[in-house]
Every structure is written in C-alpha cells, then in structure tokens.
Amino acid sequence: MMLDSSEIEQAARLLEQGKLVAFPTETVYGLGADATNPEAVAAIFAAKGRPSNHPLIVHVAHNADVERWASHIPAQADSLMKAFWPGPLTLILPRSSHVPAAVAGGQNSIGLRCPSHPVARALLAEFQHGQGGIAAPSANRFGHVSPTTAQHVLDEFGDADDSPIAYVLDGGQSEVGIESTIVDLTRLDSVGPVVLRPGQIGVAQLAQCLGHLPMMPTLTDADAPRVSGSLASHYAPITPLVLIDSAELVPLMRGLESVHRSYVVMHYSSLPKDNYHALAIKQLPADANAYAHGLYAGLRLLDTQEADVIIVERPPLSDEWQGINDRLRRAAFESGGIVEQLLKR
Ligand code: TXA
Ligand code: MG
C-alpha cells in the first residue's frame, strides 16, 4: 500500500519540527521522532511510558551513510547490511560521538535499521533529504503488544487532539508481523555476534552470512546492553495468556467449561470439529511467516473478549518459529499457575 506523496511530505515536515509520527514498517508500526533532537526523543519515552534508559532503534534510508551513526563498521556489519537491508534486521554498533546519547538511552552503542516497507522508505527519503535518522520504537505503550496496523496505533494512543502523536501514516498491515531480529556487533572481540532478539531473519540465515553461528543471549549475559524487549514480561496482552501443547488443548478447554470459566483460543493445527464454548477461536496458518503476520492482530482481538484466559497452542520449536516462540513465552511470563487457579472451583 503506497500513500500520496503529500502525506509523506507532511509527515516528514512534522518530524523535522520535532513532532511524533507513527509510520508502518514491514515488521510492526513505529513511533517516530528525529533521532538527533533530544526533546523529540524524550517525547517518545513519555508517550510510551518507557524508562528513558531503554535505547531506541534509529531507522535510516537505504544506502544511508552509516558512519554518521556508528563510530566503527566491522566487516560483519557490512556483510549483514548487504544481505538483509532494507529489511527486518537491526544492528547494534558502537555509537558515534556526534549522536546524542538520549536516543541510545545513554548506551555507548546505537541500534540501526533500514526498513523495507515502501512507506517507511519514502518517509526516510523525504525526511531531511534522506540524510536523517528516525528513532522509532514499536508504537505501543510500554510492555504491550506491538501494533501491526494504523488502527492498532490509534487504539493504543487515541486519535483525540491530546494524542501525543501528530500524524499516523497508514501503510496497511505489516507484512512480517513481529519485530526485527537484533544482532549485537559491539562485542566481537570477546563473544562475537550476539542475537539479542530473534525475528523473521533466523539464526540459520545469519550464520550463512556470517560464516558461523551467532551467540544466543543467556539470562546470565550481564554485559549485554539493555534491551527492553528482553524483559521477561514484554509483548503481553492484558488477559493472562498460557501456552499449551497441542494434545492438551481440547482437554483444557473442556476442563475450563466444566468449571464455567471463559476462555479464548489461538491455534494453528486443526481442532476436532465439535461444539466449544470459547468466547472466540482464532486459527492462524501453520506456516511460520504467515503465523507471525497474523499473531499480534490475533492477540489484540482475543484480548478484547475479556476472557479469563487466552489459550495459545504451543508452536513448533524449529528455527523459523524462534521469533514467534520468543514473543509468546514473554507474553505468557506472568501467567504461571493461572490454569490451576481457574480449574479450582
Ligand atoms: O521491528 C522493529 O525493530 C520495530 C520497528 C518499528 O522498527 N522497532 C522496535 O523497537 O521493535 P522497540 O524499541 O520496541 O524495540 C527495539 C529494541 C529494544 O528492546 C531496545 O532496547 C533495543 O532494540 N535496542 C535499541 N538500541 C539498542 C542498543 N544500542 N543496544 C541494545 N539494544 C538496543
Ligand atoms: Mg517494542
């Protein structure tokens, strides 16, 4: 979905004036501001309710001068940019001293990404003549499910005059549906490339480009730069969410029905044809990319049903499902014990 050039121009001018503009990317919608304007960056943190020490990703145009943002571009970064930009990959590099620390949450590194969505590309080409950087976290309130449509952004922030967002560009539903893969290249001498957040670009694809497997983060990786997406309880709907093995799905639904609990279901394998008393049942495709595409819209829809619990069929554990499993595990994090509690009369 492409927009009128006057809309792109208007959005770019607002960003240049220090305003916030929400825009589509191929992963999720971003809440954008001029990355070099500390007041505009502060407005992002305020709008999201996000702690100001959580760094933001700077979005740049295709073939932008990356050296403006990073003080050193290792060979691995060059290979990854060549292979995956524009696209759903964020690189963490040492921050150039010219870049205000605010956008990096005070880190001496900087997250850079060149998105492929045609509207994001047009906006980046128009903003500061293609030379600027747009700082943009996902356009949701802190800890909540990321938006994959313009309507989701409006649902998060409202469209009243007092909305912190000056403009929302509508580019249709984000194709990928989950946030970009993040690879940290700031510790090459000690640990090598580290995947801070899995996404559609999987470890196998990264390994093919790098010539070896990158590290996956561990919970004890105390050196790792702070990634708010790595907080255990991120990406969560308001309704408690549980991940359930395929074979346990129907027994749990029947169990909840027998104690008159309300529930909604998200599944990908076929359910036996029968009468279920679910408030809503959302089937997603069994293909990982197609599943990711519909994941957040599905969670948002199920969340509106005000059920006692969202039951999600646990996806396969293979490489292409890694980003999806990561998000679902975080969404389920605070719901431990909920099933036992609900089944108790
Ligand atoms: O797909 C995406 O990456 C989307 C779209 C809008 O581009 N953006 C996104 O931004 O997911 P956000 O802020 O919701 O998540 C970005 C993650 C955060 O967890 C942040 O901490 C991490 O990237 N990050 C950014 N800069 C970093 C840095 N210098 N060091 C470590 N982590 C960084
Ligand atoms: Mg986010």
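All ligand and atom numbering here is 1-based and tracks the order in the structure. Keep in mind it's a predicted model, so treat the numbers as computed, not measured.
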- [ ] Over 60° means perpendicular and under 30° means parallel, so classify the ring planes of Trp321 and Tyr291, tilted if in between.
- [x]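 It falls in the perpendicular class, over 60°.
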TODO: Return the option from Val28, Asn108, Ile182 holding the heavy atom at the smallest distance from atom 23 (O) of ligand 1.
DONE: Ile182
Task: Nearest candidate to atom 24 (N) of ligand 1, where distance is taken over non-hydrogen atoms, out of Gly32, Pro137, Pro55, Gly111 - done: Pro55
Measure across [X] and [Y] and return the closest heavy-atom pair with its distance rounded to 0.1 Å.
{"X": "His293", "Y": "Gln173", "value": "O-NE2, 3.3 Å"}
{"X": "Met215", "Y": "Val191", "value": "CG-O, 3.5 Å"}
{"X": "Leu249", "Y": "Glu313", "value": "CD2-CB, 3.9 Å"}
{"X": "Phe84", "Y": "Cys209", "value": "CE1-CB, 4.1 Å"}

With respect to [X], determine whether any N or O atom, backbone or side chain, lies less than 3.5 Å from an N or O atom of ligand 1.
{"X": "His59", "answer": "yes"}
{"X": "Ser109", "answer": "yes"}
{"X": "Arg50", "answer": "yes"}
{"X": "Thr25", "answer": "no"}
{"X": "Ser138", "answer": "yes"}

Do [X] and [Y] have a side chain donor and acceptor closer than 3.5 Å?
{"X": "Arg68", "Y": "Ser96", "answer": "no"}
{"X": "Asp34", "Y": "Gln128", "answer": "yes"}
{"X": "Arg113", "Y": "Thr27", "answer": "yes"}

Open item on the list: Heavy-atom contact check, 4.0 Å cutoff: does Arg113 meet ligand 1?
Closed with: yes
Open item on the list: Quick check on the Mg ion (ligand 2): does Ser138 put an N/O/S atom closer than 2.8 Å to it?
Closed with: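 Yes, within the cut-off.
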I need the atoms of ligand 1 closer than 4.0 Å to a non-hydrogen atom of [X], numbered in the order shown.
{"X": "Gly30", "result": "6 (C)"}
{"X": "Thr27", "result": "1 (O), 2 (C), 4 (C), 5 (C)"}
{"X": "Ile110", "result": "29 (N)"}
{"X": "Ser180", "result": "1 (O), 2 (C), 3 (O)"}

- [ ] Under 4.0 Å, heavy atoms only, figure out whether ligand 1 is touched by the backbone of Glu179, its side chain, both or neither.
- [x] both
- [ ] Mind checking whether Arg197 contacts ligand 1 via backbone (N, CA, C, O), side chain (CB onward), both or neither, at a 4.0 Å heavy-atom cut-off?
- [x]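 The part of Arg197 near ligand 1 is the side chain, not the backbone.
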Open item on the list: Once rounded to the nearest 0.5 Å, what's the spacing between atom CD1 of Ile134 and atom NE2 of His59?
Closed with: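 Rounded to the nearest 0.5 Å, the CD1-NE2 separation comes out at 8.5 Å.
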Open item on the list: A side-chain contact here means heavy atoms from C-beta on lying under 4.5 Å apart; do Val58 and Val99 qualify?
Closed with: no
